[in-house]
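Take a look at the structure below.
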There are 2 protein chains.
Amino acid sequence: MARDEIEIGALASLVGYHLRRAASAFLTDFTAAMDGSGLRQVTFAILSMVAENRGTNQGAIGRILSIQRANMVALIDELVEKGLIERAVDRTDRRAFSLTLTPAGEAALVDARKRIDAHERRMLAEFSPKERAKLAELLARIERRDPIASEDKAEG
Amino acid sequence: MARDEIEIGALASLVGYHLRRAASAFLTDFTAAMDGSGLRQVTFAILSMVAENRGTNQGAIGRILSIQRANMVALIDELVEKGLIERAVDRTDRRAFSLTLTPAGEAALVDARKRIDAHERRMLAEFSPKERAKLAELLARIERRDPIASEDKAEG
DNA sequence: TATTGTTATACTCTATAACTATA
DNA sequence: TATAGTTATAGAGTATAACAATA
């Protein structure tokens, strides 16, 4: 093994770099924690959203989670095929599907929450409750920022 | 537009969810900020590493940035083809390539840093210097955590 | 025997354009 | 005319296995 005593240097001062690395570390551990459950980050998020917003359609969920309509199709298909959610034609809008959890979906969600709580506890083991709350708050503020696209995307 | 008054509910309490969203927001704005520069998050990171660790090989850089050896090949090719870095057979290890920045690479890095500094200022506009430092510190601590894989991956 | 760089490959994720059926 | 869902597709990003040259 050659000497790996290289420094990240300037990258260390970039919040974006650390965000990328931290999110990647979380994804890796999340995936390991969910092994055998049949759920991933995205599908868990969708399942969780359906559970708390019974009857909403996939478009609305995709909008909240920033998932393209086109990409939602396969994701919902996946959850339906696993028997975790059900599609039913919406009563007030026959273009849309009303989504609800099946009993198996409820059970899967309970199991997933247990796994994920353990995963978060593991990743944040050295964080005080105060630090954890602070981190969540700072991150939530970043999410709300508009990207450059909304400012000057008119040219080009 | 159907009513989108749905809540993220339980997801709101998950640091992993916010990390994912925040990293995604940063990526979007980063990409827009680098438009026309020919650099992306990964290639900028590599360029930055080469600049601060002249002569190191691609394996060492990949190890630090968590990029697979196999995937480094195309990335280095890309930077070489753009004339930003140069490969030279390592004097002490003829298997390896010693990487250095070209003058064009130096210039590209200066330009990139300007764009990225503006990007970070924009994304963290409402953050005090103290908050920004706190965020970077908390994220850096997450990066250092070992994934579940290192604990109990022995069983199938 | 281990490591550097390489090729080939495959799977996931994300983004866009165009279609249909409803509204 | 706009929206919900769909299909097809393409580009990133990421992961593994196997090989040649060198250590």
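Basis for what follows: all heavy atoms, side chains included, without hydrogens, waters or symmetry-related copies. Being a predicted model, the structure only gives us computed values, none of them experimental. Numbered from 1 within each chain, the chains take letters A, B, ... in sequence-line order.
One can place CZ of Arg87(A) at 12 Å from C1' of dA4(D), the figure rounded to the nearest angstrom. At whole-Å resolution of the value, CG in Asn57(B) and P in dT6(C) are 11 Å apart. The CG atom of Leu27(B) sits 8 Å away from the P atom of dA15(C) (whole-angstrom rounding). Note: CG (Leu75(A)) to P (dA15(C)) measures 13 Å, nearest angstrom. The distance between atom CD1 of Ile64(A) and atom P of dA4(D), rounded to the nearest whole Å, is 13 Å. Atoms CZ (Phe97(A)) and C1' (dT20(C)) sit 12 Å apart, rounded to a whole Å. We find that CZ of Phe44(B) is positioned 19 Å from C1' of dG13(D), with the value rounded to whole Å. Asn71(B) has its CG atom 12 Å from the C1' atom of dA8(C), to the nearest Å.
For the pair Ala96(A) and Arg20(A), both in contact range of DNA chain D, the more 5′-proximal nearest nucleotide belongs to Ala96(A).
Between dT14(D), dA23(C), dA17(C), one nucleotide has an atom nearer to the side chain of Arg95(A) than all others, and that is dA23(C). Among the nucleotides dA15(D), dG13(D), dT22(D), the one closest to any side-chain atom of Asp93(B) is dT22(D).
Contact between the side-chain N/O atoms of Arg94(A) and the OP1/OP2 oxygens of dA23(C) is found at a separation under 4.0 Å. Contact between the side-chain N/O atoms of Gln58(B) and the OP1/OP2 oxygens of dT6(C) is found at a separation under 4.0 Å. At dA15(D), one or more side-chain N or O atoms of Gln68(B) fall inside 4.0 Å of OP1 or OP2 (strictly under the cut-off).
Among the protein residues, Arg69(B) comes within range of the nucleic acid bases, having at least one heavy atom under 4.0 Å from a base atom.
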Query - Worked check of salt bridge (Lys or Arg N to Asp or Glu O under 4.0 Å) between Arg115(A) and Glu120(A) - result: CA-CA 9 Å; Arg115(A) 291 167 180 254; Glu120(A) 291 244 333; over 6 Å; no
Query raised in the report: Would Leu84(B) and Thr43(B) count as a side-chain contact (heavy atoms from CB on, under 4.5 Å) if you check the C-alpha gap in whole Å, the side-chain angles of each, and the deciding distance to 0.1 Å?
Result: CA-CA 10 Å; Leu84(B) 305 182; Thr43(B) 48; over 6 Å; no
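No cation-pi contact links Arg132(B) to Phe127(B), judged by a cut-off of 6.0 Å to the six-membered ring centre and 45° from its axis.
Considering CD of Glu52(B) and CG of Leu47(B), their distance stands at 10.5 Å, rounded to 0.5 Å. Note that CG of Asp29(A) is 11.0 Å distant from CD1 of Ile116(A), once rounded to the nearest 0.5 Å.
In this model, no side-chain donor or acceptor of Asp90(A) finds a partner on the base of dA4(D) within 3.5 Å.
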